[in-house]
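Okay, so here's the structure we're looking at.
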Amino acid sequence: MQFHRFLIPLLTICVCSISCRKPDAPQAPPPPQVSVMKPLKQEVTNYLFYNGITRGVKQTEVRPRVAGYLEKVLFKADTQVAAGTPLFVIDQRPYQVAVARAEAELKGKDATVQSALANLERVKKLAVQQAASEQELIDRQAAYDLAAADVQVIQAELNEAKLNLTFTEVRAPIAGRISRNLVDEGTLLRVNEPVLATIVNDDQIYVDFQVSEAEFLDYIRKNPDSRTAKASELEPVVVELAMADEANFSRSGRIISGDNTVDPSTATFGVRGLFENPDKQIAAGLYVRIRTLMGTTVATLVPDVAVQADQLGKFVYVATKNKDGKNAVVRRSVETGQLAGAYRRIVSGVEPDDLVVFNGLTRLQPEMVVEPLFDPAPPPPAALPTTVPTTLPTTQPATTQPE
């Protein structure tokens, strides 16, 4: 009993002493690590970029030239056809009847001509013998001329009937790739209606696009002979093409023509480029990207991932020393240019010795202390688009695209 009397106060003192000890202060987490690099300064290639639409060099609508029921479709859709290939057959029976009728009428008229000629010759002989009057000779000559004219009329009708008969076999007017048949067998056709199919010659492809009025004026100022008779002596303007699923501009062509006026409603000038298409990979009607070379300049570049944006505009974080001598990030507002690969052109806002943060940006706040690391940066670009003029129209503008 004596032992328990002393044990309970001792345990109480121990518990109180433990509960009254102050907890250790938590250690501050280390500053976040960020990847930094100095802006690149290098000469890059400048381009102008546009959106264009492809068109076949030759493309035509196949239409019926005579009326009748469509009897046969003779081709397979989406195949190459040669010029003159039979495509459709229209009911030929009415036109065969018309040819037979014209041939029979022609034979009758030929017989009339022969009779008139015989009468004329007979009267001529009688006139020589003064056994026929001059008026009778005139009448026989007129009858012969009228019969001969009737023969020519019927011959023309026969030629027309034969021509219409040939038109019942609708042939390809040009060589190229043919569409599906747009009407089915048994359809009643009218002259020139409806469109039976379309054919596109895609050995070469046009690309139509619009340049801004400012770019058009800049070009003709630099090339004063471009709209004169000496235009054919100028070096062709080279353009490159990339389709919607292509990153690289792997196809080269040339500018072959432009519109004769500037469109006042959009302040744009229509331009047409020509591209060879031996592999038939460019189809008519595609939306494509076009670029043209505009020389080289020295540009300031930072990784595109380093450029952030908020309500105040675009900015980058730059690592620098704060008033305590620690590494911290500060916000720098920037004016940006075009994208080139993994890099963005910086028009203003950063200095050559700034340490721009390009990785670890997720939780950064201005004045936050960080640990900068010089990690490997993306490979520098080989080319870069130029700044697009602010005068571009909003309807179909030239647009900048990634390299």
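Note that these values count all heavy atoms, side chains included, but never hydrogens, waters or copies made by symmetry.
Looking only at distances, no side-chain donor or acceptor of Q204 sits under 3.5 Å from a matching main-chain atom of N201. In terms of modelled atom types and a separation under 3.5 Å, the side chain of T85 and the main chain of A172 share no donor-acceptor contact. Although no hydrogens or angles enter the test, the distance criterion places a donor-acceptor pair under 3.5 Å between the side chain of R171 and the main chain of G84. Between the R55 side chain and the D208 main chain, no donor and acceptor come within less than 3.5 Å of each other. No donor-acceptor pair under 3.5 Å is formed between the side chain of N223 and the backbone N or O of D225.
With rounding to the nearest 0.5 angstrom, the CZ atom of F209 is 11.5 Å from the OG1 atom of T268. To the nearest 0.5 Å, the span separating CD on Q155 from CG on L106 amounts to 5.0 Å. Note that CG of N260 and CZ of R227 are 7.5 Å apart. Values are rounded to the nearest 0.5 Å. Separation of atoms OH (Y219) and CD1 (I255) is listed at 8.5 Å; rounding is to 0.5 Å. Interatomic distance, OH of Y206 versus CG of L274, reported as 6.5 Å (0.5 Å rounding). Here the OG-CZ distance, from S348 to R332, works out to 11.5 Å after rounding to the nearest 0.5 Å.
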>> Checking Y69 against I90 for the side-chain contact (heavy atoms from CB on, under 4.5 Å) test, could you report, in this order, the C-alpha distance in whole Å, the side-chain angles of both residues, the deciding distance, and whether it holds?
In response: CA-CA 6 Å; Y69 285 96; I90 299 172; 6.0 Å; no
>> Using the rule given for side-chain hydrogen bond (donor to acceptor under 3.5 Å, both in side chains), can you reason through N248 versus S250, listing the C-alpha separation, both sets of side-chain angles and the distance that settles it, and then say yes or no?
In response: CA-CA 6 Å; N248 298 322; S250 57; over 6 Å; no
> Can you list the steps and then say if N119 with K124 is a side-chain contact (heavy atoms from CB on, under 4.5 Å)?
Replying inline: CA-CA 9 Å; N119 290 331; K124 283 183 177 180; over 6 Å; no
> Step by step, would you call R177 with T79 a side-chain contact (heavy atoms from CB on, under 4.5 Å)?
Replying inline: CA-CA 5 Å; R177 185 176 299 277; T79 58; 5.8 Å; no
>> Could you go through R251 and E246, starting from their C-alpha distance and side-chain angles, then the distance that decides it, and tell me whether this counts as salt bridge (charged side-chain N to carboxylate O under 4.0 Å, His left out)?
In response: CA-CA 11 Å; R251 295 174 174 83; E246 295 177 334; 2.8 Å; yes
> Could you go step by step and tell me if I282 and L241 meet the side-chain contact (heavy atoms from CB on, under 4.5 Å) rule?
Replying inline: CA-CA 10 Å; I282 309 176; L241 179 148; 4.3 Å; yes
>> Assess the residue pair E103 and R101 against the criterion (salt bridge (charged side-chain N to carboxylate O under 4.0 Å, His left out)); give the C-alpha distance rounded to whole Å, side-chain angles, the decisive distance to 0.1 Å, and a yes or no.
In response: CA-CA 5 Å; E103 288 175 341; R101 181 186 300 111; over 6 Å; no
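A heavy-atom distance below 4.5 Å is found between the side chains of V89 and L74. Side-chain contact between T166 and K162 is absent, with no heavy atoms from C-beta onward closer than 4.5 Å. Within the 4.5 Å cutoff, the side chain of L87 has no heavy atoms near those of the L196 side chain. Using a 4.5 Å heavy-atom threshold, the side chains of Y343 and D304 count as separate. With a 4.5 Å cut-off on side-chain heavy atoms, L40 and T300 do not count as touching. Contact check for L48 versus E215: side-chain heavy atoms found under the 4.5 Å cut-off. Taking the side chain as every heavy atom from C-beta outward, R289 and E240 never approach each other to under 4.5 Å. Residues D78 and R180 are not in side-chain contact: their nearest non-hydrogen atoms beyond the backbone lie 4.5 Å or more apart.
Between the side chains of D259 and T261, no donor N or O sits under 3.5 Å from an acceptor N or O. Using modelled atom types and a 3.5 Å distance limit, the side chains of N277 and Q281 yield no donor-acceptor pair. D110 and Q114 share no donor-acceptor pair across their side chains, judged by distance under 3.5 Å alone.
Annotation for P94 and D91: closest pair CD-O, 3.8 Å, computed over non-hydrogen atoms. N181 and D184 make their closest contact through ND2-OD1, 3.4 Å (heavy atoms, listed as atom of the first residue, atom of the second, distance). Scanning both residues, R190 and P64, for their nearest heavy atoms gives O-CG, 3.2 Å. Between I205 and G56, the shortest heavy-atom contact is CD1-CA, 4.2 Å. Nearest heavy atoms, T112 versus A147: CG2-CB, 3.8 Å. Closest of all the heavy-atom pairs between I220 and S226 is CG2-OG, 3.6 Å.
Looking at K107 and E105, no side-chain N of the basic residue comes within less than 4.0 Å of a carboxylate O on the acidic one, giving no salt bridge. Ion pair D354/K38 not flagged as a salt bridge, since none of the NZ, NE, NH1 or NH2 atoms sits closer than 4.0 Å to an Asp/Glu carboxylate oxygen. A salt bridge links E193 and R63; the closest N-O separation between the charged side-chain nitrogens and carboxylate oxygens is under 4.0 Å.
In terms of the ring pair (Phe, Tyr, Trp, His ring centres under 6.0 Å) criterion, residue partners of F269 (sequence neighbours excluded) are, by chain and number, F216. Evaluation of the side chain to side chain contact (heavy atoms under 4.5 Å, CB included) rule for T198 yields E61, S179, V195 as partners, not counting sequence neighbours. With sequence neighbours left out, F75 forms a ring pair (Phe, Tyr, Trp, His ring centres under 6.0 Å) with F88. Not a single side chain to side chain contact (heavy atoms under 4.5 Å, CB included) links A143 to another residue, sequence neighbours left out.
Cation-pi geometry between R65 and F167 is satisfied (NZ or CZ under 6.0 Å from the ring centre, within 45° of the ring normal). Both tests hold for R331 against F315: distance to the six-membered ring centre under 6.0 Å, angle to the ring axis within 45°.
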Show every donor-acceptor pair shorter than 3.5 Å between a side-chain atom in residues 356-379 and any protein atom, with sequence neighbours excluded, or say none if there are none.
{"residue": "E371", "atom": "OE1", "partner": "Q33", "partner atom": "NE2", "Å": "3.3"}
{"residue": "D375", "atom": "OD2", "partner": "S35", "partner atom": "OG", "Å": "2.5"}

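Evaluation of the side-chain hydrogen bond (donor to acceptor under 3.5 Å, both in side chains) test over residues 311-326, restricted to residues two or more places apart or in two chains, returns K314-T336, K321-N327.
Environment of NZ in K72: sparse, with no more than 12 heavy atoms of neighbouring residues, nucleotides or ligands closer than 6.0 Å. Within a 6.0 Å sphere centred on CZ of R122, other residues, nucleotides and ligands contribute more than 12 heavy atoms.
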